[in-house]
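Numbered from 1 within each chain, the chains take letters A, B, ... in sequence-line order. Note that the structure is predicted; figures quoted are calculated from it, not measured.
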Amino acid sequence: METGTIPGEELVGGIDLYRTLESGQSYCWTRSDGAMYTDQPAPEAWYRTVVEGIPVAVRQPAGVASGDLEWRSTTDAVPLLRRLLRLDDDLEAIADDAPPEPLIQEAYTAHDGMRLVEDPPFNCLISFICSAQMRVGRIHGMVSQLARTYGDTYTLGEAEINAFPTPDQLAAATEADLRELSLGYRAPYVQRTAEMVAEGEAHPEDARDLEYEAAREYLTQFVGVGDKVADCVLLFSLGFDEAVPLDTWIQTAIAEYFPDCDNGNYAETSRAIRSRLGGRYAGYAQTYVFHHLRTGAVDT
DNA sequence: ACCCAGGATGTAA
DNA sequence: TTACATCATGGG
């Protein structure tokens, strides 16, 4: 096993690992104490995942945005973590460029150090198909269950880590199998989408080269993927920082804070709110506002 | 019991 | 194009 430390001071704007991994963006990681989404950070606990056959564990003992990251893996995990946690993002510049609206400034200030993630596309796609009408804690539970049931098991020291299933592995599950895991009406969506990817009919990665709105349209060909889920995949996996998923929380924010952005349909409301949230990094602002509202930290 | 959660789909107008 | 019912499940 290899181990190492990434100095927090090398990261512009630092990183808050708890806020980054427990803000409902990524469902790829599990916490060693098994208690995520409880509004209870555990600085001593390890976050673990497997990406491209490489098991990784990371934690932030200091538990603050300026604290160092400690990691363990079977190889040098720095390049991998740099990608997954977007450690090269200039968080200070991004926050400085954020629009002056009070809600947005308040969200950035309240959750200092939260970074966007870059999840593996297939994992992200299935995660957000599962996310329909679900709370973040349960989405994580469903994704973890899929990993335990259909994914390969890796070891890292004493720890066992389940990789998210490959398209082939997941496509082999039947709708009935997935309903057994409490996926509900999402079961056929997950099965059919896994099948589409496994058979080479389409791949979420192929959206990366397209222009934003074309990329969003491309992703909606997957079963169980509408505009909102497509935006989540674009933002949390494919590097489209301008994507703004219009979920229930953001719809509420639009109604209360940006009512003029409501243009009746998804596409036009999306354009207006993306512009209002700053354009290029609108998705970053969205993620801060989402987390701020969802955790009830909003200052009224 | 009722309402809600990072919605999508099929059908009817 | 838009409006609406329907779809599972668990927690408050």
Side-chain angles (χ1 to χ4, degrees), chain A residues 19-29 35-39 107 111 114 116-117 119 123-146 173-194 196 202 204 216-238 240-241 243-256 262-271 273-274 277 282-298:
Chain A
R19 287 171 178 160
T20 300
L21 295 183
E22 300 197 36
S23 50
Q25 307 177 53
S26 175
Y27 300 94
C28 301
W29 300 77
M36 292 177 81
Y37 310 108
T38 56
D39 291 327
H111 309 287
M114 185 171 75
L116 282 183
V117 298
D119 278 351
N123 195 333
C124 184
L125 179 65
I126 299 298
S127 294
F128 281 95
I129 287 174
C130 289
S131 78
Q133 297 296 100
M134 280 289 132
R135 281 174 198 157
V136 295
R138 287 201 59 210
I139 298 166
H140 183 266
M142 292 164 60
V143 173
S144 300
Q145 190 61 250
L146 289 175
T174 67
E175 176 183 335
D177 291 335
L178 297 176
R179 283 183 186 272
E180 294 274 323
L181 300 184
S182 299
L183 291 200
Y185 61 80
R186 304 155 198 81
Y189 300 165
V190 169
Q191 198 283 328
R192 292 172 62 190
T193 287
M196 288 175 73
R216 193 177 65 196
E217 180 64 23
Y218 177 86
L219 291 178
T220 61
Q221 75 182 286
F222 293 107
V223 183
V225 179
D227 289 328
K228 186 271 171 184
V229 167
D231 267 329
C232 287
V233 177
L234 293 177
L235 182 61
F236 302 134
S237 187
L238 298 178
F240 287 83
D241 296 343
V244 174
L246 301 183
D247 60 78
T248 53
W249 291 100
I250 296 304
Q251 296 283 13
T252 299
I254 290 173
E256 291 187 15
D262 183 0
N263 290 320
N265 59 70
Y266 194 99
E268 293 307 318
T269 302
S270 169
R271 287 191 189 187
I273 194 65
R274 277 183 280 129
L277 294 184
Y284 239 105
Q286 184 273 357
T287 299
Y288 271 85
V289 169
F290 168 83
H291 184 58
H292 195 53
L293 294 176
R294 193 185 68 78
T295 56
V298 62

Could you state the atom-to-atom distance from [atom1] of [X] to [atom2] of [N] in whole Å?
{"X": "A:Tyr266", "N": "B:dA8", "atom1": "OH", "atom2": "P", "result": "8 Å"}
{"X": "A:Leu116", "N": "B:dG6", "atom1": "CG", "atom2": "P", "result": "18 Å"}
{"X": "A:Met142", "N": "B:dG7", "atom1": "CE", "atom2": "C1'", "result": "12 Å"}
{"X": "A:Ile126", "N": "B:dA8", "atom1": "CD1", "atom2": "P", "result": "14 Å"}
{"X": "A:Arg186", "N": "B:dG7", "atom1": "CZ", "atom2": "C1'", "result": "9 Å"}
{"X": "A:Met134", "N": "C:dA8", "atom1": "CE", "atom2": "C1'", "result": "7 Å"}
{"X": "A:Gln251", "N": "B:dA8", "atom1": "CD", "atom2": "P", "result": "11 Å"}
{"X": "A:Leu181", "N": "C:dG10", "atom1": "CG", "atom2": "P", "result": "12 Å"}

Subject >> Verdict with supporting geometry, A:Val233 and A:Val225, side-chain contact (heavy atoms from CB on, under 4.5 Å) >> reply: CA-CA 10 Å; A:Val233 177; A:Val225 179; 5.9 Å; no
When all nucleic acid strands are considered with a 4.0 Å heavy-atom cut-off, which category describes [X]: base, sugar-phosphate, or nothing?
{"X": "A:Arg179", "value": "sugar-phosphate"}
{"X": "A:Tyr27", "value": "base"}
{"X": "A:Gly24", "value": "base"}

Taking only side-chain N and O atoms of [X], does any of them lie within less than 4.0 angstrom of OP1 or OP2 on [N]?
{"X": "A:Asn265", "N": "C:dT1", "value": "no"}
{"X": "A:Thr220", "N": "B:dA8", "value": "no"}
{"X": "A:Ser182", "N": "C:dA8", "value": "no"}

**OP:** To the nearest 0.5 angstrom, please state how far the CZ atom of A:Phe290 sits from the OG1 atom of A:Thr295.
**Re:** 9.0 Å
Original post:
Can you tell me how far C1' in C:dA8 sits from the matching atom in B:dA5, rounded to whole Å?
Top reply: 12 Å
Original post:
Taking the same atom, P, in C:dA5 and in B:dC3, what whole-Å distance lies between them?
Top reply: 14 Å
Original post:
Taking the nucleotide of DNA chain B with the closest heavy atom to each, which residue, A:Ile139 or A:Gly224, is nearer the 5' end?
Top reply: A:Ile139
**OP:** Identify, between A:Arg138 and A:Arg192, the residue whose nearest nucleotide on DNA chain B lies closer to the 5' end.
**Re:** A:Arg138
Original post:
Do A:Ser23 and A:Arg19 have a side chain donor and acceptor closer than 3.5 Å?
Top reply: no
Original post:
Residues in ring pair (Phe, Tyr, Trp, His ring centres under 6.0 Å) with A:Tyr27, at least two apart?
Top reply: A:Phe128
Original post:
Below 3.5 Å, does any donor atom in the side chain of A:Tyr189 face an acceptor in the base of B:dG7, or the other way round?
Top reply: no
Subject >> With A:Glu175 via side-chain hydrogen bond (donor to acceptor under 3.5 Å, both in side chains) - residues at least two apart >> reply: A:Arg179
**OP:** Please indicate yes or no: is the ring centre of A:Phe128 less than 5.5 Å from the centre of the six-membered base ring of B:dG6, with the two planes inclined by under 30 degrees?
**Re:** no
